[in-house]
S.K.: 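Shown below is the structure under consideration.
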Amino acid sequence: MTAMTFEPLHAELGVRITGIDLRETLDPDTEAAIRDAIDRWSFVCFPGQAVDDARQLELTRMLGEPEPNHVVQGNEGRIEYFGTIGNVQADGTAVGNSHRSTIFLSGNFMWHSDASFKPVPADLSVMSAHEVPSEGGETEFVSLRTAWDRQSPDRQAELEPLVAIHDYVYSRSRVAPDAVSPALAASLPPVRQRLVRTNPANGRKNLFLGSHAKTIEGWDDAKARATLDDLTDEATRPEHVLTHRWAVGDFVIWDNRCLIHRGSGYDADRHRRRMRQTRVRGRCSSLEE
């Protein structure tokens, strides 16, 4: 097995892994060690990698089934596994703060779990950094495992059986009323997700929250909104946040089942940012776990 070095990044989540070149073929023991690291730390960063799209997709397939990009699939009806996070377009030009795509991506500045609005939510997100701004553009991550652990036993008993409604149109409409096209909206109706999930590999429980969570099934919307907001506010207090400052060559994998994250923003009029993202599809609905 490759001799990897593991450096924890935060008391609650995150590890930096060095001593490996992800461009090389990985033996089964190394693949297993990476999967174990994801289950243990939820966020893993491999710095200094030069991973192109083809290799990124291979590594994504190593972790599971790639998930189609929902925006491309909903708007255009075709399968595309990559999404670009940033302002650099396919032709290499960069758009500014007022461009529609920049405004649309500002929805990522809210705490969220990627693709929690799908009937089968994403397990993992995989991101490689190709161009990064010299200031701004950080991503913040929070563990919803430790947020669950901080709840009292009585509170846990109240929360565990609950089902939340996750709605992509709801969350993106908070950015702009017309942020979601009719075709995309029709492809992503609201879905039911457990409010408390369990990692099958280690049995650890966590809350399942984020900006896509609109309400709680069977509850008054005002009470549900207050509860979801309170849980998120408590989970994301500054001492619980891991801030990742991206560098070119960072290859990062995070576990959407138990983390929420948000972008911190950057000045797209002054800086270029190009991050390539793929995702690993979940195995089943959270309701079937």
S.K.: Do H212 and S171 have side-chain atoms, one donor and one acceptor, less than 3.5 Å apart?
M.R.: yes

S.K.: May I ask you to decide whether R150 forms a salt bridge with E12, counting only side-chain N to carboxylate O separations under 4.0 Å?
M.R.: yes

S.K.: Counting N and O atoms only, with roles assigned by atom type, does the side chain of Q56 sit under 3.5 Å from a partner on the main chain of R276, one being a donor and the other an acceptor?
M.R.: yes

S.K.: Please name the pair of heavy atoms, one in P121 and one in E67, separated by the smallest distance, quoted to 0.1 Å.
M.R.: C-OE1, 4.4 Å

S.K.: Is a side-chain donor or acceptor of Q156 paired with a backbone partner of W148 at a separation under 3.5 angstrom?
M.R.: yes

S.K.: Looking only at side-chain N and O atoms, does T93 offer a donor or acceptor that is under 3.5 Å from a partner on D91?
M.R.: yes

S.K.: So, the side chain of R281 versus the backbone of P68: is there a donor-acceptor pair under 3.5 Å, distance only?
M.R.: no

S.K.: Going by side-chain contact (heavy atoms from CB on, under 4.5 Å), L144 matches just one of L209, T232, V196, L13. Which one?
M.R.: L209

S.K.: Provide the closest heavy-atom pair for A213 versus L228 in the form atom of the first, atom of the second, distance.
M.R.: O-CD1, 3.8 Å

S.K.: Taking the basic N atoms (NZ, or NE/NH1/NH2) and the acidic carboxylate oxygens, is any pair closer than 4.0 Å for D36 and R40?
M.R.: no

S.K.: Indicate the atoms forming the closest heavy-atom contact of P8 with V15, along with that distance.
M.R.: N-CG2, 4.0 Å

S.K.: Assess the side chains of N87 and T102: does a donor N or O sit below 3.5 Å from an acceptor N or O?
M.R.: no

S.K.: Which heavy atom of A247 sits nearest a heavy atom of A129, and at what distance?
M.R.: O-CB, 3.4 Å

S.K.: Would you compute the distance between atom OG of S143 and atom CG of L242 and round it to the nearest 0.5 angstrom?
M.R.: 10.5 Å

S.K.: Mark yes or no for whether E158, through its side chain, and D154, through its backbone, hold a donor-acceptor pair below 3.5 Å.
M.R.: no

S.K.: Verify the ring-centre separation between H10 and F43: is it less than 6.0 angstrom?
M.R.: no

S.K.: Minimum heavy-atom separation for H99 and S101, please, with both atom names.
M.R.: ND1-OG, 2.9 Å

S.K.: In this structure, would L231 and W219 fall into the same cluster of hydrophobic residues linked by side-chain contacts under 4.5 Å?
M.R.: yes

S.K.: Can you check whether Q73 reaches S187 side chain to side chain, under 4.5 Å on heavy atoms?
M.R.: no

S.K.: Starting at CD of Q277, measure out to CE of M275 and round the result to the nearest 0.5 Å.
M.R.: 9.0 Å

S.K.: I want to know whether F141 and H261 have ring centres closer than 6.0 Å.
M.R.: yes

S.K.: We want to know whether N206 and N199 form a side-chain donor-acceptor pair, criterion being a heavy-atom distance below 3.5 angstrom.
M.R.: no

S.K.: Any salt bridge between R16 and E7, counting N to O under 4.0 Å?
M.R.: yes

S.K.: Cluster question for you: counting only ILVMFWY and a side-chain heavy-atom cut-off of under 4.5 Å, with indirect links fine, are W41 and V280 together?
M.R.: yes

S.K.: Donor-acceptor check, side chain of R55 to backbone of L22, threshold 3.5 angstrom: yes or no?
M.R.: yes

S.K.: Do any N or O atoms from the side chain of N256 and from the backbone of D114 form a donor-acceptor pair under 3.5 angstrom?
M.R.: yes

S.K.: Checking R272 side chain against G92 main chain: does a donor-acceptor pair fall under 3.5 Å?
M.R.: yes

S.K.: So, Q193 and S286: side-chain donor and acceptor under 3.5 Å apart, yes or no?
M.R.: yes

S.K.: May I ask you to decide if the ring planes of Y168 and H70 are parallel, tilted or perpendicular, using 30° and 60° as cut-offs?
M.R.: perpendicular

S.K.: Got a donor-acceptor contact below 3.5 angstrom from the N202 side chain to the D39 backbone?
M.R.: yes

S.K.: Looking at R192 and E217, is any side-chain nitrogen of the basic one under 4.0 Å from a carboxylate oxygen of the acidic one?
M.R.: yes

S.K.: Indicate, with yes or no, if L57 and L26 share a hydrophobic cluster defined by side-chain heavy-atom contacts under 4.5 Å among Ile, Leu, Val, Met, Phe, Trp and Tyr.
M.R.: no

S.K.: Regarding R204 and T198, do their side chains bring together a donor and an acceptor under 3.5 Å, going by distance alone?
M.R.: no

S.K.: Quick one: does any side-chain atom of Q49 pair with a main-chain N or O of I20 as donor and acceptor, under 3.5 Å?
M.R.: yes

S.K.: Taking G137's backbone N and O only, do any of them form a donor-acceptor pair with R273's side chain (distance below 3.5 Å, no angle check)?
M.R.: yes

